[in-house]
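Encoded as structure tokens, the structure appears first; notes follow it.
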Protein chains: 2
Amino acid sequence: MEDRIENIKKQLHSQSYKLTPQREATVQVLLEHEQDHLSAEDVYLLVKDKAPEIGLATVYRTLELLTELKVVDKINFGDGVSRYDLRKEGAEHFHHHLVCVECGSVTEIEEDLLGDVEKVVESRFEFDVKDHRLTFHGICKNCQNKSE
Amino acid sequence: MEDRIENIKKQLHSQSYKLTPQREATVQVLLEHEQDHLSAEDVYLLVKDKAPEIGLATVYRTLELLTELKVVDKINFGDGVSRYDLRKEGAEHFHHHLVCVECGSVTEIEEDLLGDVEKVVESRFEFDVKDHRLTFHGICKNCQNKSE
DNA sequence: TTAAGTGCAAAGAATTTGCAAGTTG
DNA sequence: CAACTTGCAAATTCTTTGCACTTAA
């Protein structure tokens, strides 16, 4: 955990960005909520505990910066809000998501299920794949049991 | 083409929605731009040729209705705008997209590449898959040649 | 006839921007 | 110090809503 913060700090410095308390607090919040898919507003409210003076605009600017540095991925599940999802340490690809249409829960899938599919895309469509977004919409285990 | 309009009309009627000239014009625009990924604003401008009095709000309402009827799918490629993509006739699943990060072009992939992946998700995660979204980000054939 | 649909303008929500003041390296 | 950052409020952008009027079935 400490290491990850250190790494991110180094990344900022290496691109001659400054490490402000606001940025540090934002990164901490993201690390502490690794499983969640927080909106900018969510992050804002959580960061306020650590840095009460922070403004929402700064949170937006920081999240944009972290997206650019590939520390987080910006995703959109179809409601009107962008969400920010921490990249796994050393993960080559963005992980996948299962969104339950009943309860709205979001589950992450770590393992790469797209290896073969990507090869097909690369060869058949001559498309040089850099990243992907895969989301399944359906009914989660919990809600399946509920509706029986 | 005629058939598809007829089909969509029937779908509207069967749910006791009315077939207004505005709705008909909107559907026509979508059919005429099947390969595109139009935003509500895009659709609005195009529909105005056929039905000049139409308001943007009506376009939004129509697109929402067509989404509900599964005539179109609402997608979001990460810019702040929702786009509307006509479902292929009889397609069981939503098709996939290749988004070029250089030129912004969007290519559609018809064939279902996710059959096996979906089985894994269903069995391993006990998730009842209803639909999916798969988008690859990368460099299209065209842009690969350009940068050489 | 009448429930459903429309256009317009106003309201809302999410995000971005301008700028003076404050900080980091 | 100088360039980068911040907070605030105002501005934008996309989308939704209220309401009086119109229209398809």
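The sequence lines fix the lettering, A, B, ..., with proteins before strands; numbering per chain opens at 1. Everything numeric here is computed off the predicted structure, so don't read it as measured data.
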For Lys70(B), check salt bridge (charged side-chain N to carboxylate O under 4.0 Å, His left out) against everything at least two apart and list the hits.
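Scan of Lys70(B) (salt bridge (charged side-chain N to carboxylate O under 4.0 Å, His left out), adjacent residues dropped) gives none.
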
Which residues, if any, of residues 61-78 of chain B bring a heavy atom under 4.0 Å of DNA chain D?
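Those residues whose heavy atoms fall under 4.0 Å from DNA chain D, taken from residues 61-78 of chain B in numerical order, are Arg61(B).
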
Is there a continuous path of hydrophobic side-chain contacts, each under 4.5 Å between heavy atoms, that joins [X] to [Y]?
X: Leu66(B); Y: Tyr17(B); result: yes
X: Leu113(B); Y: Val129(A); result: yes
X: Leu86(A); Y: Tyr44(A); result: yes
X: Val101(A); Y: Leu134(B); result: no

In Å, rounded to the nearest 0.5 Å, how long is the span from CD of Glu122(B) to CZ of Phe127(B)?
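Going from the CD atom of Glu122(B) to the CZ atom of Phe127(B) covers 9.0 Å.
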
Please determine which of Val71(A), Val72(A), Leu69(A), Leu19(A) meets the side-chain contact (heavy atoms from CB on, under 4.5 Å) test together with Ile8(A).
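Filter result, single survivor: Val71(A).
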
Under a 4.5 Å cut-off applied to non-hydrogen side-chain atoms, are Lys146(A) and Glu102(A) in contact?
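Side-chain contact under 4.5 Å: no.
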
I need the [atom1]-[atom2] distance between [X] and [N], as an integer number of Å.
X: Asp79(B); N: dT15(C); atom1: CG; atom2: P; answer: 13 Å
X: Arg23(B); N: dG7(C); atom1: CZ; atom2: P; answer: 11 Å
X: Gln15(B); N: dA24(D); atom1: CD; atom2: C1'; answer: 17 Å

Can you list everything that forms a ring-ring contact (aromatic ring centres under 6.0 Å, His included) with His137(B)? Sequence neighbours excluded, please.
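Listed in chain order: nothing, the list is empty.
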
Suppose we screen for ring-ring contact (aromatic ring centres under 6.0 Å, His included). Which residues come up paired with His95(B), at least two apart in sequence or across chains?
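Partners of His95(B) under the ring-ring contact (aromatic ring centres under 6.0 Å, His included) test: His97(B).
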
What salt bridge (Lys or Arg N to Asp or Glu O under 4.0 Å) pairs are there with at least one residue in residues 35-60 of chain B, not counting sequence neighbours?
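The answer is Glu32(B)-Lys50(B), Asp42(B)-Arg83(B).
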
Tell me the salt bridge (Lys or Arg N to Asp or Glu O under 4.0 Å) pairs involving residues 16-31 of chain A, sequence neighbours left out?
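Checked against salt bridge (Lys or Arg N to Asp or Glu O under 4.0 Å) - neighbours excluded - the pairs reaching residues 16-31 of chain A are Lys9(A)-Glu24(A).
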
Of Tyr44(A) and Ser39(B), the one whose closest DNA chain D nucleotide lies more 5':
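The residue whose closest nucleotide sits nearer the 5' end is Tyr44(A).
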
Please tabulate, one pair per line, each protein N/O and nucleotide N/O from nucleotides 12-14 of chain D that are separated by under 3.5 Å, including the distance.
none

What donor-acceptor contacts under 3.5 angstrom involve side-chain atoms of residues 54-65 of chain B, with partners at least two apart or in another chain?
from     : atom 1 : to       : atom 2 : distance (Å)
Thr62(B) : OG1    : Thr58(B) : O      : 2.8

Which angle, to the nearest 10 degrees, lies between the helix axes at the two ends of the helix from dT1(C)-dA25(D) to dG25(C)-dC1(D), each defined by five pairs?
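What I find for the helix from dT1(C)-dA25(D) to dG25(C)-dC1(D) is an axis angle of 40°.
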
In residues 47-59 of chain B, what residues come within less than 4.0 Å of DNA chain C, judged by heavy atoms?
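Heavy-atom cutoff 4.0 Å gives Glu53(B), Ile54(B), Gly55(B), Ala57(B), Thr58(B).
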
For nucleotides 20-25 of chain C, 5' to 3', base contacts (B), sugar-phosphate-only contacts (S) and non-contacts (-) with protein non-hydrogen atoms under 4.0 Å give ----BS

Looking only at side-chain N and O atoms, does Gln22(B) come under 4.0 Å of OP1 or OP2 in dG7(C)?
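So the side-chain polar atoms of Gln22(B) do come within 4.0 Å of the phosphate oxygens OP1 or OP2 of dG7(C), strictly under.
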
Kindly assign one of parallel, tilted or perpendicular to the pair His96(A) and His132(A), based on the angle between their ring planes and the thresholds 30° and 60°.
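The arrangement is tilted - the two ring planes meet at 30° to 60°.
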
Partners meeting side chain to side chain donor-acceptor pair (under 3.5 Å) with Glu111(A) (sequence neighbours left out)
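Residues passing side chain to side chain donor-acceptor pair (under 3.5 Å) with Glu111(A): Arg124(B).
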
